[in-house]
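Data first, discussion second: the structure below is written as structure tokens.
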Amino acid sequence: MTLQFSFFGYAIMAVIYSLSFWLLVLIWQGIRSWRGAKIIIASLGLIVLALPWVEEIWIAYHFNEACKDAGVHVVKQVEVDGYYDATGSGPIEEGYIDSSQAIAAYEKSGFRFIEYKLGYRKPGKVSRVEKQDNGKWLLTIHDRPTAQYHYRHTYNHEVVGYQLKKHERDIYDSAKNKVIGRDTAYARYPNTIEGLWIRFIGSGQLMCNHPANISKKEHTGTLVTQVLIPNY
């Protein structure tokens with residue numbers, strides 16, 4: 001577990017502690033004659049001192065625990081000639097593909113066909129790019145996917161805790177109604193102190209897409225390449 005405090009965060013914290021100290025002095029001047037005044041001031045001081053640390057430890061701990069579940073999890077590998085990609089928006093122009101770059105990408109994938117969700121451009125429709133017997137790639141529009149295996153979002157920037165979000169894609173077997181693989185990632189966001197300055201330059205998001213005991217070098221390949229094996 002790593003606490004996310006920067007130089008600027010510590011500087012802001014020092015200013016807040018200083019202002020809080022003088023505020024407590026003023027409060028003390030007003031309540032010093034009260035019974036239990038020392039306990040009140042000491043309690044307020046401890047709360048002010050602890051709050052930034054308690055908040056950051058809470059975020060860091062839950063982020064660290066969540067990240068143990070991060071990464072690609074393969075339940076089963078299957079050989080297929082194509083799949084349905086519902087994670088984005090695919091090509092829409094019907095006819096033979098003439099882009100050499102696109103053709104190279106389809107050839108490299110190893111699949112005979114890939115189907116894509118078309119989203120807002122043609123709601124409910126699916127485009128299918130398929131290699132024909134003549135060796136060319138043809139794009140056609142359909143009412144629904146025909147592929148058995150669906151590559152889809154299951155969590156997309158969804159809040160799963162304080163300052164914690166989850167991202168996940170999976171491979172879904174539509175014939176057997178079960179998931180055969182998933183790729184999970186988590187994102188944490190800054191504590192209040194860090195958020196005071198980092199919001200001017202970005203979100204301060206910190207991602208983990210593999211468990212801490214697995215290096216980035218070992219975390220290779222996409223969920224599709226690790227679960228779906230082209231048999232075309």
Side-chain angles (χ1 to χ4, degrees), residues 66-67 69-161 164-187 189 203 205 207-210 219-232:
C67 287
D69 183 51
V72 173
H73 302 263
V74 178
V75 177
K76 178 183 178 182
Q77 288 186 316
V78 292
E79 291 189 355
V80 298
D81 57 358
Y83 67 98
Y84 171 49
D85 186 346
T87 62
S89 185
I92 196 171
E93 296 296 329
E94 291 189 272
Y96 284 108
I97 306 295
D98 57 10
S99 167
S100 58
Q101 186 175 2
I103 292 172
Y106 293 131
E107 292 284 354
K108 185 178 180 180
S109 75
F111 297 103
R112 180 173 60 83
F113 74 88
I114 303 175
E115 296 175 333
Y116 299 91
K117 182 177 71 174
L118 289 179
Y120 72 93
R121 295 180 300 170
K122 284 193 175 184
K125 299 292 185 179
V126 171
S127 65
R128 179 184 175 102
V129 179
E130 184 172 8
K131 190 170 185 178
Q132 305 299 296
D133 293 338
N134 60 11
K136 296 182 178 180
W137 290 85
L138 179 66
L139 189 153
T140 53
I141 305 297
H142 301 267
D143 291 330
R144 63 184 62 84
T146 62
Q148 178 178 343
Y149 297 97
H150 297 187
Y151 178 45
R152 60 184 190 172
H153 281 294
T154 48
Y155 290 88
N156 193 12
H157 297 85
E158 290 193 33
V159 176
V160 292
L164 184 65
K165 291 185 178 181
K166 183 177 182 178
H167 312 258
E168 185 176 87
R169 297 179 179 186
D170 72 15
I171 302 291
Y172 171 70
D173 183 340
S174 62
K176 297 181 179 179
N177 191 30
K178 66 179 183 180
V179 171
I180 62 171
R182 63 182 172 89
D183 188 0
T184 306
Y186 291 90
Y189 293 85
S203 67
Q205 173 184 270
M207 293 284 299
C208 71
N209 60 1
H210 57 86
H219 185 74
T220 59
T222 67
L223 179 62
V224 169
T225 60
Q226 293 196 43
V227 174
L228 303 179
I229 311 302
N231 67 359
Y232 172 66

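All values below were derived from every heavy atom in this structure, side-chain atoms included, with hydrogens, water molecules and symmetry-related copies excluded. Fair warning: this is a prediction, and the values are worked out from it, not measured in the lab.
Nearest approach of G95 to L138, heavy atoms of both residues: C-CD1, 3.4 Å. Closest non-hydrogen pair, P91 versus V129, comes out as CG-CG2, 4.0 Å. Summarising the geometry of Q132 relative to Y96, their closest heavy-atom pair is CG-CE2, 4.1 Å, with the distance given to 0.1 Å. Counting all heavy atoms, side chain and backbone alike, K136 lies closest to N134 at N-OD1, 2.9 Å. In this structure, P230 and G110 approach most closely via the heavy-atom pair CB-O, 3.2 Å. Of all the heavy atoms in V227 and K76, the pair that sits closest is CG1-O, 3.4 Å.
The side-chain hydrogen bond (donor to acceptor under 3.5 Å, both in side chains) test with T154 is passed by exactly one of R169, K166, H167, E168: E168. When Y186, Y189, Y155 are each tested for a side chain to side chain contact (heavy atoms under 4.5 Å, CB included) with K165, only one passes: Y189.
Side-chain contact annotation: T140 with E130, donor-acceptor N/O pair under 3.5 Å absent.
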Go through the steps for S127 and I92 under the test side-chain contact (heavy atoms from CB on, under 4.5 Å), then give the verdict. CA-CA 6 Å; S127 65; I92 196 171; over 6 Å; no
Which is it for F111 and L228 under the side-chain contact (heavy atoms from CB on, under 4.5 Å) test, yes or no, and what are the steps along the way? CA-CA 9 Å; F111 297 103; L228 303 179; 4.0 Å; yes
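Counting heavy atoms of neighbouring residues, nucleotides and ligands inside a 6.0 Å radius, atom CD of E93 does not exceed 12 of them.
Taking CD1 of I114 as the reference point, atom OH of Y151 lies at 11.5 Å (rounded to 0.5 Å). Note that the CG atom of D183 and the NE2 atom of H73 stand 8.0 Å from one another [nearest 0.5 Å]. Residue I141 holds its CD1 atom at 9.0 Å from NZ of K125, rounded to the nearest 0.5 Å. A distance of 9.0 Å separates OG1 of T87 from OH of Y116, quoted to the nearest 0.5 Å. With rounding to the nearest 0.5 Å, the separation of CG in D170 from CG in L223 is 7.5 Å.
Side-chain atoms of D81 never come within 3.5 Å of backbone atoms of N231 as a donor-acceptor pair (strictly under, hydrogens ignored). A side-chain donor-acceptor contact under 3.5 Å links E115 to the backbone of T146. Side-chain N or O atoms of Q226 include none that pairs as donor or acceptor with a backbone N or O of V74 at under 3.5 Å.
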Pair up each side-chain donor or acceptor in residues 174-182 with any protein partner under 3.5 Å, not counting sequence neighbours, and list the distances.
unit_1, atom_1, unit_2, atom_2, d
S174, OG, Q148, O, 2.7
N177, OD1, Y172, OH, 2.6
R182, NH1, D69, OD2, 3.4
R182, NH1, T184, OG1, 2.7
R182, NH2, D69, OD1, 2.8

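Contact check for Y149 versus D173: side-chain heavy atoms found under the 4.5 Å cut-off.
Using a cut-off of 4.0 Å between Lys/Arg side-chain N and Asp/Glu carboxylate O, K117 and D85 are scored as not salt-bridged.
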